[in-house]
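Okay, so here's the structure we're looking at.
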Amino acid sequence: MTDTHIPADSNEIFEERRQKLQKLRETGWSYPNHFRRSHVALELHVAHDEKKPEELETTRIHVAIAGRMMLKRVMGKACFATLQDMSGRIQIYVTADTIGQAELDRFKQYDLGDIIGVKGFLFKTRTNELTIRAEHLILLTKSLRPLPEKFHGLTDLEQKYRQRYLDLITNEAARKVFSTRSRIIQSLRTFLTKRSFVEVETPMMHPIPGGAAARPFITHHNALEMDLFLRIAPELYLKRLVIGGMEKVFEINRNFRNEGLSTRHNPEFTMLEFYEAYSDYHDLMNLTELMLRNVTQEVTGSLKISYQGHLVDLEAPFQKFTLCEAIAHYHPSHTFENLGNRHYLEEQLNRLNITFSSTDGLEKLQVLLFEETTEHLLFNPTFIINHPAEISPLARRNDNNPDITDRFELYIAGRELANGFSELNDAEDQAARFAEQARQKEAGDQEAMIYDADYIRALEFGLPPTAGEGIGIDRLVMLLTDSPSIRDVILFPQLRPE
RNA sequence: GGGGCGGUAGCUCAGCGGUAGAGCACUCGGCUUUUAACCGAUUGGUCGUGGGUUCGAUCCCCACCCGCCCUACCA
């Protein structure tokens with residue numbers, strides 16, 4: 001392919017590099033792919049950084065590495081360059097003595113960003129830096145566009161998100177966030193599979209959106225001539241699997257919600273959902289504590305972590321409050337008696353400019369007050385328990401008070417991280433609650449659920465007593481990597497087209 | 001959706017009514033142990049887009065586009 005197409009954003013540097021590429025082609029160079037490396041940079045540092053210069057002189061160690069040239073220092077007849085591969089960086093030293101004048105002259109033409117392969121032997125420089133003395137050098141890929149500035153890297157947030165590869169090339173911190181993300185997911189997966197949970201994949205395209213209160217994305221299947229919804233939650237499918245006898249299942253996958261974007265919301269986000277038969281929401285809270293301590297310790301090496309300058313302590317037992325207990329604990333002026341008084345709640349919400357509906361139940365008003373006054377204060381892990389049935393259409397009713405449910409939400413660093421409950425396995429109650437949701441949808445609530453007759457039929461075969469939970473993976477990654485925005489932990493966050 | 005801030009060279013950033021600046025990168029020259037190498041000389045711009053005000057606009061005004069932050073819905 002030697003088309004002469006000139007990109008719209010061409011510039012002088014680009015043109016010079018295209019001309020270099022053209023000359024290379026004329027010498028027969030054609031993106032060689034036969035080069036094989038013996039090591040990555042980090043392996044060499046680990047094995048040889050501590051060796052004395054004489055050691056490396058007496059027994060020559062020959063290696064082959066490849067990587068992107070990030071720094072280059074030409075000093076007449078000798079050159080240093082720094083190559084970067086997946087593991088890190090290592091310096092190479094190039095002189096005519098070892099590779100010949102012709103090869104040295106070619107090397108001088110290589111640009112920052114070019115990908116090269118080097119064979120040579122290790123030595124230590126005067127400043128004791130492990131370096132490869134090049135004996136053979138080959139250009140593997142010509143880079144036509146100049147890299148971002150070598151010292152500051154890429155700082156423009158828009159460009160970091162749109163051209164993540166540049167962020168990854170130039171910012172070590174970005175690379176680290178995404179390798180940590182991988183380790184977090186691996187840790188959760190191992191934790192669950194060790195406890196006999198089976199990992200499954202359920203549909204992303206749903207004929208009926210369900211399992212959460214949210215507005216869905218709509219797509220269309222041509223052959224079936226039907227609209228489908230990108231899933232807002234896998235919940236109802238995972239519970240069908242429990243009915244089918246998969247008593248411990250989990251899924252780590254994407255959910256899609258057609259709502260606003262923010263530093264904490266991306267339209268597609270990753271959720272861990274897991275279901276365990278013959279357990280209840282108390283069991284899941286215990287399991288959650290264990291799992292979060294395990295992943296935090298594995299990934300950060302500590303149970304006391306710092307998030308945006310605030311200490312978060314995952315070592316102490318997680319706090320447990322009902323909604324009203326939490327409000328009263330952080331705002332003693334709101335007494336229990338007051339919080340049970342509709343008139344008082346309406347007065348407080350009006351004072352805070354919170355809009356609510358006259359049809360909202362007492363518990364819904366308490367939730368609104370909690371979200372406004374208390375949620376952001378829950379820095380250390382805190383379970384908020386026993387949410388009103390009104391806003392929990394899939395959760396089992398509490399045995400002592402049918403208006404509340406056996407449910408919890410886990411808050412860390414002032415935001416919701418997990419949501420779990422004892423599952424509603426009374427098919428008739430579930431049918432009634434779907435019917436109520438359908439009424440609310442009719443009344444204009446766009447996030448209310450749709451009556452799912454297929455799910456009711458499944459429930460009618462019998463769902464064992466089960467507890468289930470969802471954990472927002474992106475938010476967990478934010479917490480454990482101290483990232484302020486969800487866009488920092490999603491490789492390609494949603495942006496408007498350029 | 002509302003409010004605030006921003007968009008100037010490939011990148012990082014100054015400038016703010018009077019011919020557009022620096023560092024890095026690029027090009028050329030010098031330099032055989034450099035470290036964001038260094039020294040010297042160059043090159044590089046529809047100042048986000050479109051209108052308006054003005055003798056003159058990157059700068060002031062208006063609209064729009066894109067981004068970030070806060071806020072609202074939500075996880």
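So that the names make sense, note that chain A is the first sequence line, chain B the second, and so on, each numbered from 1. Atom set for the values below is all heavy atoms of this structure, side chains included, hydrogens, waters and symmetry mates excluded. As the structure is a computational prediction, the values presented were derived from the model and not from experiment.
Set against B/A37, B/C31, B/C66, the side chain of A/Arg162 has B/C66 as its closest nucleotide. For A/Glu149, the listed nucleotide lying nearest its side chain is B/G23; candidates were B/U32, B/G23, B/A25. Closest to the A/Lys77 side chain, of the nucleotides B/C11, B/U32, B/A72, is B/U32. Which of B/A25, B/U32, B/C73 sits closest to the side chain of A/Glu259 comes down to B/C73. The nucleotide whose nearest atom lies closest to any side-chain atom of A/Glu129 is, among B/U34, B/U12, B/U32, B/U34. When distances run from any side-chain atom of A/Leu495 to the nucleotides B/U33, B/C68, B/C70, the shortest one goes to B/C68.
Among the atoms of the strands shown, only primed sugar atoms or phosphate atoms (P, OP1, OP2) are found under 4.0 Å from some heavy atom of A/Glu158. Residue contacts shown for A/Arg487 are limited to sugar-phosphate atoms, with no base heavy atom under 4.0 Å away. Across all strands shown, A/Lys20 has heavy atoms under 4.0 Å from sugar-phosphate atoms exclusively, and none from any base. A/Thr263 comes within contact range of the sugar-phosphate backbone alone, with a heavy-atom separation under 4.0 Å but no base atom that close. Using a 4.0 Å heavy-atom distance criterion, A/Tyr161 is classed as a sugar-phosphate-only contact. Within 4.0 Å (heavy atoms only), A/Leu154 reaches sugar-phosphate atoms of the nucleic acid but no base atom. Using a 4.0 Å heavy-atom criterion, one finds that A/Glu447 contacts the sugar-phosphate atoms exclusively. Within 4.0 Å (heavy atoms only), A/Leu157 reaches sugar-phosphate atoms of the nucleic acid but no base atom. Counting non-hydrogen atoms under 4.0 angstrom, A/Ile471 reaches nothing in the nucleic acid. As judged by a 4.0 angstrom heavy-atom cut-off over every strand, A/Gly260 is placed among the base-contacting residues. At a threshold of 4.0 angstrom between heavy atoms, the contacts of A/Arg496 are confined to the sugar-phosphate backbone, with no base atom among them. Within 4.0 Å (heavy atoms only), A/Gly470 reaches no atom of the nucleic acid at all. In this structure, A/Asp445 reaches neither bases nor backbone, as no heavy-atom distance under 4.0 Å exists between it and the strands shown. Contact annotation for A/Asp97: base contact, defined as any heavy-atom pair under 4.0 Å involving a base atom.
Atom name P, nucleotides B/U19 and B/U34: the rounded distance is 46 Å, in whole Å. Separation of the P atoms belonging to B/C47 and B/C60 is 15 Å when rounded to the nearest angstrom. Only the P atoms considered, B/A63 is 12 Å distant from B/G4, to the nearest whole Å.
A salt bridge links A/Arg133 with A/Asp97: at least one charged nitrogen is closer than 4.0 Å to a carboxylate oxygen. Salt bridge status for A/Arg439 with A/Glu436: present, with a side-chain N to carboxylate O gap under 4.0 Å. A salt bridge links A/Arg18 to A/Glu15: at least one charged side-chain nitrogen sits closer than 4.0 Å to a carboxylate oxygen.
A/Phe383 has its ring centre less than 6.0 Å from the ring centre of A/Phe408. Aromatic ring centres of A/Tyr455 and A/Tyr237 lie farther apart than the 6.0 Å criterion allows. Proximity of the aromatic rings of A/His310 and A/Phe379 is defined here by a centroid distance below 6.0 angstrom, and this criterion is met.
Rounding to the nearest 0.5 Å places CD of A/Glu363 at 10.0 Å from OG1 of A/Thr405.
Toward the 5′ end of RNA chain B lies the nearest nucleotide of A/Asp156, the other residue of the pair A/Ala96 and A/Asp156 mapping further downstream.
For A/Arg264 and B/A75, the CZ to C1' distance is 11 Å, given to the nearest whole Å. Counting to the nearest Å, the C1' atom of B/A75 and the CD atom of A/Glu273 are 11 Å from each other. Here B/A36 presents its C1' atom at 16 Å from CD of A/Glu172, a figure rounded to the nearest Å.
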Identify each atom pair where a protein N or O and an N or O of nucleotides 43-45 of chain B are less than 3.5 Å apart, giving names and distance.
from  : atom 1 : to      : atom 2 : distance (Å)
B/U43 : O2'    : A/Glu12 : OE1    : 3.1
B/U43 : O2'    : A/Glu12 : OE2    : 2.7
B/G44 : O4'    : A/Glu12 : OE1    : 3.1

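More than 12 non-hydrogen atoms from other residues, nucleotides or ligands lie less than 6.0 angstrom from NZ of A/Lys108. Counted within 6.0 Å of CZ on A/Arg215, heavy atoms from surrounding residues, nucleotides or ligands total 12 or fewer; the atom is thus considered open.
In terms of phosphate contacts, A/Arg126 brings a side-chain nitrogen or oxygen within less than 4.0 Å of OP1 or OP2 of B/U34. Residue A/Arg73 has a polar side-chain atom (N or O) positioned under 4.0 Å from OP1 or OP2 of B/A37. Considering only side-chain N and O atoms, A/Thr95 lies nowhere under 4.0 angstrom from the phosphate OP1 or OP2 of B/U32.
Taking the 5.5 Å centre cut-off and the 30° plane limit, the aromatic side chain of A/Phe269 is classed as stacked on B/A75.
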